[in-house]
2 protein chains.
Amino acid sequence: MRDTYHEELDALGERLVEMTRLARHAVARATTALLDADLTAAQEVISGDDAVNQLENEIEYSAFDLMARQQPVAKDLRTIITSLHMAGDLERMGDHAVHLAKVARRRHPDSAIPKELRATVLEMGHQAEQLVIKAGEVITEQDAEKALELDKDDDQMDRLRRKLLTRILDPSWKHGVEATMDVTLVGRFYERFGDHAVHVADNLIYMVTGEKPGDEEREP
Amino acid sequence: MRDTYHEELDALGERLVEMTRLARHAVARATTALLDADLTAAQEVISGDDAVNQLENEIEYSAFDLMARQQPVAKDLRTIITSLHMAGDLERMGDHAVHLAKVARRRHPDSAIPKELRATVLEMGHQAEQLVIKAGEVITEQDAEKALELDKDDDQMDRLRRKLLTRILDPSWKHGVEATMDVTLVGRFYERFGDHAVHVADNLIYMVTGEKPGDEEREP
């Protein structure tokens with residue numbers, strides 16, 4: 001049997017995994033909102049963000065409480081600190097889903113995404129989901145090997161963003177200024193969503209091994 | 001005489017103020033980089049970001065250390081927690097200055113900012129500096145009244161961003177797709193820089209009073 005202290009440490013991990021579930025749902029719905037000009041989906045993402053923020057607050061509260069009461073060292077201290085960082089990254093992933101939803105809402109009843117880019121944006125949404133699902137698995141399984149894969153998985157997201165930009169910059173791009181602005185921001189929000197998933201994985205690696213993976217600035 | 005414990009708490013505040021100085025310098029140089037297509041300024045901002053990150057790490061380390069050794073409660077605990085939040089916001093302000101500098105670097109030797117928008121971007125840079133200077137004063141003076149002003153000061157930044165967007169969306173806008181993308185992102189980065197300055201002020205209010213100011217989602 002685990003004692004209360006270790007149960008509370010475990011609970012941090014469970015809340016983080018719950019945050020990955022919410023972030024996955026948010027980015028999936030935001031993608032629907034964008035592609036289908038679905039206002040209900042957009043509103044759902046925007047109002048659903050409170051639950052993500054609430055979880056972050058709970059993680060913070062319980063981390064600070066553990067720190068003050070238990071004076072943890074070594075691996076336990078690392079677990080608490082990295083949990084705070086991961087919660088911060090997941091909260092920002094939720095924010096990026098909200099930003100996507102707001103682009104959709106602003107253009108409603110039109111879709112912010114021109115037809116010819118729908119497939120690419122759909123793929124970005126799919127990639128975002130895959131990244132956050134894997135981040136959740138990595139936390140559950142405490143798997144530093146698997147966590148290392150996320151950086152490479154995220155390259156696919158960067159390729160998709162470049163594909164968007166290349167299309168926008170092509171002389172045949174005729175969709176006008178609003179679409180240019182929307183697609184620029186949408187590309188950036190998905191990319192940042194992916195970057196934060198990689199940060200989550202990096203923190204997990206540090207939690208498990210005590211070693212930091214490369215922390216080069218990955219943006220913009 | 002202050003004891004070591006309270007000296008360490010004070011040192012958190014001094015490091016935060018130092019972060020505001022660095023963030024101010026970064027956004028000022030990034031504005032120069034954008035307006036004058038000044039590659040040296042851009043590189044300086046990009047490489048200077050390490051110092052900002054370093055300070056954030058020091059604040060984190062010392063906050064966690066204080067928490068584990070002193071089991072602070074009430075105002076002291078609030079000071080430590082809000083210092084962590086403020087350090088996070090200031091670190092992201094540094095990141096936004098880097099994003100601005102990277103836009104400048106990408107367009108060098110051209111300027112990313114069309115002539116007719118130079119005055120507006122200059123004003124946004126100026127406004128960003130004012131906001132972070134005031135955030136620094138608010139921390140130094142622990143002045144919750146003054147901190148309340150930042151939210152209103154930041155409205156000016158939002159107005160400037162809307163001015164950019166209105167210009168881009170005007171039928172007479174003829175600067176092409178690259179400029180549209182650059183100005184869209186530049187507008188967003190300044191706006192986010194301002195939002196984080198407001199968050200710093202909000203945290204200071206909570207630190208001093210124990211009450212949270214309204215935390216509505218201010219973006220995008």
Side-chain angles (χ1 to χ4, degrees), chain A residues 46-47 49-50 53 57 60-61 63-73 76-78 80-81 84-85 88 91-92 94-96 98-103 106 164-165 167-171 173-189 192 212 215 217-220, chain B residues 46-47 49-50 53 57 60-61 63-73 76-78 80-81 84-85 88 91-92 94-96 98-103 106 164-165 167-171 173-185 187-189 192 195 212 215 217-220:
Chain A
I46 294 162
S47 61
D49 196 45
D50 282 346
N53 298 340
N57 288 340
E60 273 202 340
Y61 179 84
F64 294 139
D65 188 55
L66 280 166
M67 220 149 2
R69 284 191 298 115
Q70 306 284 353
Q71 304 165 56
V73 293
D76 288 350
L77 181 59
R78 254 193 350 255
I80 295 174
I81 294 175
L84 285 172
H85 287 164
E91 188 268 328
R92 286 162 73 180
D95 283 348
H96 287 298
V98 169
H99 300 331
L100 290 168
K102 285 185 175 174
V103 173
R106 200 156 54 224
L164 283 190
L165 298 192
R167 187 63 202 90
I168 294 180
L169 292 169
D170 194 272
W173 174 256
K174 294 281 180 274
H175 294 286
V177 171
E178 285 201 356
T180 304
M181 290 170 58
D182 287 347
V183 174
T184 300
L185 290 175
V186 162
R188 183 168 175 86
F189 297 148
R192 299 295 294 133
K212 295 203 184 208
D215 5 61
E217 169 73 44
R218 289 193 178 87
E219 34 163 332
Chain B
I46 294 162
S47 60
D49 196 46
D50 282 347
N53 298 340
N57 288 340
E60 273 203 338
Y61 179 84
F64 294 139
D65 189 53
L66 280 165
M67 221 150 2
R69 284 191 299 114
Q70 305 283 354
Q71 304 165 57
V73 292
D76 289 351
L77 181 60
R78 256 195 347 257
I80 295 174
I81 293 174
L84 285 171
H85 287 164
E91 189 268 328
R92 286 163 72 183
D95 283 349
H96 287 297
V98 168
H99 300 331
L100 290 168
K102 286 187 174 172
V103 173
R106 200 157 54 223
L164 282 190
L165 298 192
R167 188 62 202 91
I168 294 180
L169 291 169
D170 194 272
W173 174 256
K174 293 281 181 276
H175 294 288
V177 171
E178 284 201 357
T180 304
M181 289 170 58
D182 287 348
V183 174
T184 301
L185 290 175
R188 184 168 174 86
F189 297 149
R192 301 295 294 132
D195 287 343
K212 297 205 181 204
D215 20 44
E217 169 71 47
R218 289 192 179 85
E219 32 165 333

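Contact of Glu60(B) with chain A is made through the side chain alone, with heavy-atom distances under 4.5 Å. Contacts between His85(A) and chain B at a heavy-atom distance below 4.5 Å involve the side chain alone, from C-beta outward.
Separation of atoms NE2 (His99(A)) and CZ (Arg192(B)) is listed at 5.0 Å; rounding is to 0.5 Å. Rounding to the nearest 0.5 angstrom, the gap separating the CE atom in Met67(B) from the CD atom in Gln70(A) is 14.0 Å.
By the salt bridge (charged side-chain N to carboxylate O under 4.0 Å, His left out) test, Asp65(A) is found to be paired with Arg69(A), residues two or more places apart in sequence or in another chain being considered.
For the options Ile80(A), Leu84(A), Val177(A), heavy-atom pairs under 4.5 Å to chain B are most numerous at Val177(A). When Ile81(B), Thr180(B), Leu185(B) are compared by the number of non-hydrogen pairs under 4.5 Å with chain A, Ile81(B) comes out ahead.
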